[in-house]
Amino acid sequence: MGGELIIRGGRPLNGTVRIPAAKNSILPLLAATLLCDGPVTFEDVPALTDVENSLALLRGVGCGVSSRAGRVRICTPRRALSVLPEGPARAMRSSVFYLAPLLHRAGAVTMPLPGGCRIGARPIDIHLDGLAAMGARVELRGGGLTLKAPPEGLHGVDWKMRLPSVGATETLLMAAVRARGVTVLRGAACEPEIEDLARFLGKCGALICGAGTPTIWVQGVRALSGTSYTPIPDRITASTLAGAVAGCGGRLELENCRPDQMAPMLALLKRAGCQIESRDKGLVIRRQGSLSGGGTVYTGGYPAFATDAAPVAAAAFLRAEGETRFCDRVFENRFSCAEDFARLGADVRREGCCLVIRGVKELRGCALRARDLRGGAALVTAALCAEGESRIFGVEHIRRGYEDIAELYGRLGADIEWAGW
Ligand code: EPZ
């Protein structure tokens, strides 16, 4: 795969895609294997750079790791090493998921502050405050941090989260399942990926009730077994493809996806003129004729419109007839792709946390730069909708969350290829 994408847009998308396992499920799940005494096997794992970095972190703390054709097997040592390898840990936000499991598996954890998409400040105070409340000692120094568990291990806590952070809910759930006593997490996030993590931990013997609701109860247990597990499908990849066919026109069948987990996105596209039929374990989405403006969309915590889907949905509406407004109250800089939309000839403007789009008749291909994962995917959709050739740089952002995106869209009739390098 090269260093940039070349796209010659203006073609409809047609075909069938099987949606892989969710990136935002498999990343906490891989960290959670450190809580399990037996081997864990995951199926359907997508080939993403964030997954590669996660496997590097697990190897770095002493786990046995094998990965072939979407099947990943992890064997955790009785005692893991406590220092996370700097490179992979800095490369993504998901290194934060190793704090809780290593406090149980190594009694301590040292790591740099996590990296990830620059869509906002993204502090980790809610993770750290919760772990401290469970007995961890937190030391922040330089660009990193060290946490130490008490000799007797973490203890349960009745804890109200400052805000419903997805990652912090997953961190505190992983801390609670092996802590002494009962934990109650109040004001928890409700995303499907949290339920997926709880379902996996339950299969390993954890005692959890209420995952997927704002209050989660956990009875800590002394040990967790291994298991085999297939994560839920990626609702954001499915939303990305739905947005692409809405923007370009054509007909896509999405297999192995959960329409119920992407309901606000589907409702928006239906309102704007797409035909959508739910199928057994999937859906068919068609757009013939023009797309009308989608009105105002507010993102929020599940089951509201997913913040990750907002940029890729916005790209679909750049040529709609009318106005569409996406307001994201989750991250300070969710629409980094707006400047590049404008370079393509789109009529877009920022108004506070909103991106306001007035559909134009035509977009013209040009050079574009991805600045984060979902913004990069949105630029691919916009370039597919534009006349002429576009070159997208910064493709490393896109590779974090999508397997070979050129192969994916190429199979559906797009004129797209890797270049450079
Ligand atoms: C997860 O990030 C996802 N990443 C994100 O997907 C997703 O956008 C986000 O949840 C919201 O749904 C993974 O699951 C790997 P948050 P996370 O903690 O956990 C603030 C993608 O493109 N906050 O719910 O980091 C934070 O700054 C990625 O796949 C604190 O202030 O999101 C943000 O404004 C991008 N302190 C808000 O909460 C904290 O300790 C929501 O963040 C934690 C978060």
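Values below: all heavy atoms of this structure, side chains included; hydrogens, waters and symmetry mates excluded. Both counts, for ligands and for their atoms, begin at 1 and track the order of listing.
The closest side-chain donor-acceptor pair between T230 and D44, if any, does not fall under 3.5 angstrom.
Between R105 and D37, the closest side-chain pair of non-hydrogen atoms falls below 4.5 Å.
Protein residues are said to neighbour a ligand when one of their heavy atoms lies under 4.0 Å from it; for ligand 1 these are K23, N24, R93, S94, I119, R122, P123, I124, D125, I126, H127, R162, L163, S165, V166, G167, T307, D308, V330, F331, R334, L373, R374.
Ring centroid separation for the pair F341 and F335 does not come in under the 6.0 Å cut-off.
Note on residues 164-189: no pairs pass ring pair (Phe, Tyr, Trp, His ring centres under 6.0 Å), not counting sequence neighbours.
A salt bridge links R371 with D340: the closest approach of a Lys/Arg side-chain nitrogen to an acidic carboxylate oxygen falls below 4.0 angstrom. Between R411 and D404 there is no salt bridge, since no side-chain nitrogen of the basic residue lies less than 4.0 Å from a carboxylate oxygen of the acidic one.
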